[in-house]
Number of protein chains: 2
Amino acid sequence: MIITKAGRRMFPAMRVKISGLDPRQQYYVAMDVIPLDNKRYRYVYHSSKWMAAGNADSPVPPRVYVHPDSLASGETWMRQVISFDKLKLTNNELDDQGHIILHSMHKYQPRVHVIQKERGEELSHVRAVPQGDGTRTLSFPETVFTTVTAYQNQQITKLKIDRNPFAKGFRDSGRNRMGLEALVESYGFWRPSLRSLMFEDIPGMKQGDKLMLMSIMILVSLTPVCL
Amino acid sequence: MIITKAGRRMFPAMRVKISGLDPRQQYYVAMDVIPLDNKRYRYVYHSSKWMAAGNADSPVPPRVYVHPDSLASGETWMRQVISFDKLKLTNNELDDQGHIILHSMHKYQPRVHVIQKERGEELSHVRAVPQGDGTRTLSFPETVFTTVTAYQNQQITKLKIDRNPFAKGFRDSGRNRMGLEALVESYGFWRPSLRSLMFEDIPGMKQGDKLMLMSIMILVSLTPVCL
DNA sequence: TAGTTCGCACCTAGGTGAAAATAT
DNA sequence: ATATTTTCACCTAGGTGCGAACTA
């Protein structure tokens, strides 16, 4: 995923559908991005692979992207597909725009949080998400990505150009256009799918929890590991 | 003010600064638009005046524009200038986009509401603002406007073109450009000002009310009556 | 030399009034 | 006649990867 000083969107964006919430309860929905491991990576062109190359850079200030529809009722959240397309990534450690701060050439795991509103609680953009009974955190391994300041892999570049409407100007004209199916076929690592994760699957999930029936589906946004 | 089926922004937009709120209390800020009188108007070109011409059309469905930063703390509201620039007006009585529905060729009074969050209360976009001790409603006579589907007055057209960035394409090139002061000067009825209205000024204002010290200033958005 | 930054052309998305077409 | 609707050129605002310049 490309990161810049000014902040760059993720593409594709995380999109999530939630069910099983208490329709009348108020929730925040938020996203953050945590390091996948303790390594720094480099892309080895001749083998077309990311290789570990030393230890991770020093930690960056923690940031949380609170979905702009927050605070909203369970009913509201469940009625829509929740898209994180306005979230931005930056490599500027002094960023004051509330963007998520990451190091380039590292691997990251995005997470989605569903946070039940406690009385008086205020969700901060610059502090870690409160962990407790009222918070459910979900990660999808399919969405792990590698940060770069310039694409290392021509397949990824082509994928971005072909799928992102804002990159239309770089597409091959006419003849090379593909339908979604052919496109998907041509990228072995690109696995769009509809995945469903029940809270029953979550380690430490408590019986009798109000949120037990909540499930989250990733609809579209599966990001190849080497992105 | 031009109204269309699809919805059209107000220009200039209402902009408001609030002080005197309880920093920790949660508030909605909202705007609505009420009929100024019971008349329908027509513009008489030779006298350059709006004249009453019959009774108002039948009432339209009530709509409230809840400011997108709602719900927020008094501290948050007071820290910023609150702009209503994304509010849209429509003449479509069947509108389902949440726009404010008005009749063309009528006079209207915009109002700003500051609504203290009561427990469990949900603010509706399609129902009148709840009137009670937790709600303060303010109207500024300077912001009264007349709705049209096409401008009736060449001065207004020029004003809109000169001030609205989105109408830049219609401006006279170079030589006719004016600075703000000259522009303001040239419109006798255009009175930008900084007005401050204390809640003490409001009829029925109660002593000891938590909100008593709140004041609201209109910063920029004064709209001529004949707009 | 590998990684980053910056200006840019080229898009999407959507807010303007003009003018022609249509409605009342 | 007068008012409204529709389409359009021309903007603002901002999301793309490219490629040259820069950096360590």
Side-chain angles (χ1 to χ4, degrees), chain A residues 1-13 40-46 50-51 53-54 57 85-93 97 99 102-106 146-173 227, chain B residues 1-13 40-46 50-51 53-54 57 85-93 97 99 102-106 146-173 227:
Chain A
M1 209 70 75
I2 288 197
I3 57 179
T4 64
K5 195 171 168 185
R8 206 84 157 182
R9 291 184 176 180
M10 290 179 65
F11 184 88
R40 187 174 224 289
Y41 285 84
R42 56 184 276 267
Y43 188 74
V44 182
Y45 189 77
H46 72 265
W50 285 100
M51 310 283 284
D57 298 344
D85 56 351
K86 290 194 174 49
L87 174 152
K88 287 189 177 178
L89 309 178
T90 183
N91 58 352
N92 179 6
E93 304 193 27
Q97 307 298 301
H99 301 151
L102 302 177
H103 283 128
S104 187
M105 313 306 272
H106 291 241
T146 306
T147 45
V148 294
T149 56
Y151 294 127
Q152 307 293 307
N153 176 332
Q154 186 51 47
Q155 289 181 286
I156 294 298
T157 306
K158 185 168 185 345
L159 186 155
K160 302 272 189 173
I161 289 175
D162 286 344
R163 303 291 308 269
N164 189 327
F166 290 107
K168 197 177 189 178
F170 300 105
R171 290 184 194 160
D172 296 344
S173 54
L227 225 55
Chain B
M1 209 69 76
I2 288 198
I3 57 179
T4 65
K5 195 170 169 185
R8 207 84 158 182
R9 291 183 176 180
M10 291 179 65
F11 185 88
R40 188 174 225 286
Y41 286 82
R42 56 185 278 267
Y43 188 75
V44 181
Y45 189 78
H46 72 266
W50 286 100
M51 309 283 285
D57 297 344
D85 56 350
K86 290 193 175 48
L87 174 154
K88 286 188 178 177
L89 308 178
T90 182
N91 58 352
N92 180 6
E93 304 194 27
Q97 307 300 300
H99 301 152
L102 302 177
H103 283 128
S104 186
M105 315 304 273
H106 291 241
T146 306
T147 46
V148 295
T149 56
Y151 293 127
Q152 307 292 307
N153 176 333
Q154 185 52 46
Q155 290 182 283
I156 294 298
T157 306
K158 184 168 186 344
L159 186 154
K160 301 272 188 174
I161 289 175
D162 286 343
R163 304 291 307 268
N164 190 326
F166 290 107
K168 198 177 188 177
F170 300 106
R171 290 186 193 158
D172 297 344
S173 55
L227 225 55

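Below, read A as the first sequence line, B as the second, and so on, with proteins coming before strands; counting in each chain starts at 1.
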Any residue meeting side chain to side chain contact (heavy atoms under 4.5 Å, CB included) with K86(B), in chain and number order, not counting sequence neighbours: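 Listed in chain order: R9(B), Y65(B).
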Which residues share a side chain to side chain contact (heavy atoms under 4.5 Å, CB included) with T90(A), sequence neighbours left out: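 For T90(A), the residues satisfying side chain to side chain contact (heavy atoms under 4.5 Å, CB included) (neighbours in sequence not counted) are N92(A), D95(A), H99(A), I101(A).
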Rounding to a whole Å, what distance do you find between [X]:[atom1] and [N]:[atom2]?
| X | N | atom1 | atom2 | value |
| --- | --- | --- | --- | --- |
| Y45(B) | dA3(D) | OH | P | 14 Å |
| H103(B) | dT24(C) | NE2 | P | 15 Å |
| L102(A) | dT4(C) | CG | P | 13 Å |
| D57(A) | dA24(D) | CG | C1' | 14 Å |
| K158(A) | dC18(D) | NZ | C1' | 16 Å |
| R171(A) | dC18(D) | CZ | P | 13 Å |
| D172(A) | dC18(D) | CG | C1' | 14 Å |
| N153(B) | dA18(C) | CG | C1' | 17 Å |

Summary of protein contacts for nucleotides 5-17 of chain D, nucleotide by nucleotide, where a base hit scores B, a sugar-phosphate-only hit scores S (4.0 Å, heavy atoms): B----SSB-BBBB
Residues in salt bridge (charged side-chain N to carboxylate O under 4.0 Å, His left out) contact with R42(B), at least two apart in sequence or another chain: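 By the salt bridge (charged side-chain N to carboxylate O under 4.0 Å, His left out) rule, R42(B) matches no residue at all.
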Which residues share a salt bridge (charged side-chain N to carboxylate O under 4.0 Å, His left out) with D57(B), sequence neighbours left out: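 For D57(B), the residues satisfying salt bridge (charged side-chain N to carboxylate O under 4.0 Å, His left out) (neighbours in sequence not counted) are R40(B).
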Side-chain N,O (S104(B)) to OP1/OP2 (dA3(D)) below 4.0 Å: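 No, no such contact exists.
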side-chain hydrogen bond (donor to acceptor under 3.5 Å, both in side chains) partners for D85(B), two or more places apart: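 Counting only residues at least two positions away or on another chain, D85(B) forms a side-chain hydrogen bond (donor to acceptor under 3.5 Å, both in side chains) with S83(B).
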Aromatic plane relationship, Y45(B) with Y43(B) - under 30° parallel, 30 to 60° tilted, over 60° perpendicular: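 Taking Y45(B) first and then Y43(B), their aromatic rings stand perpendicular (interplane angle over 60°).
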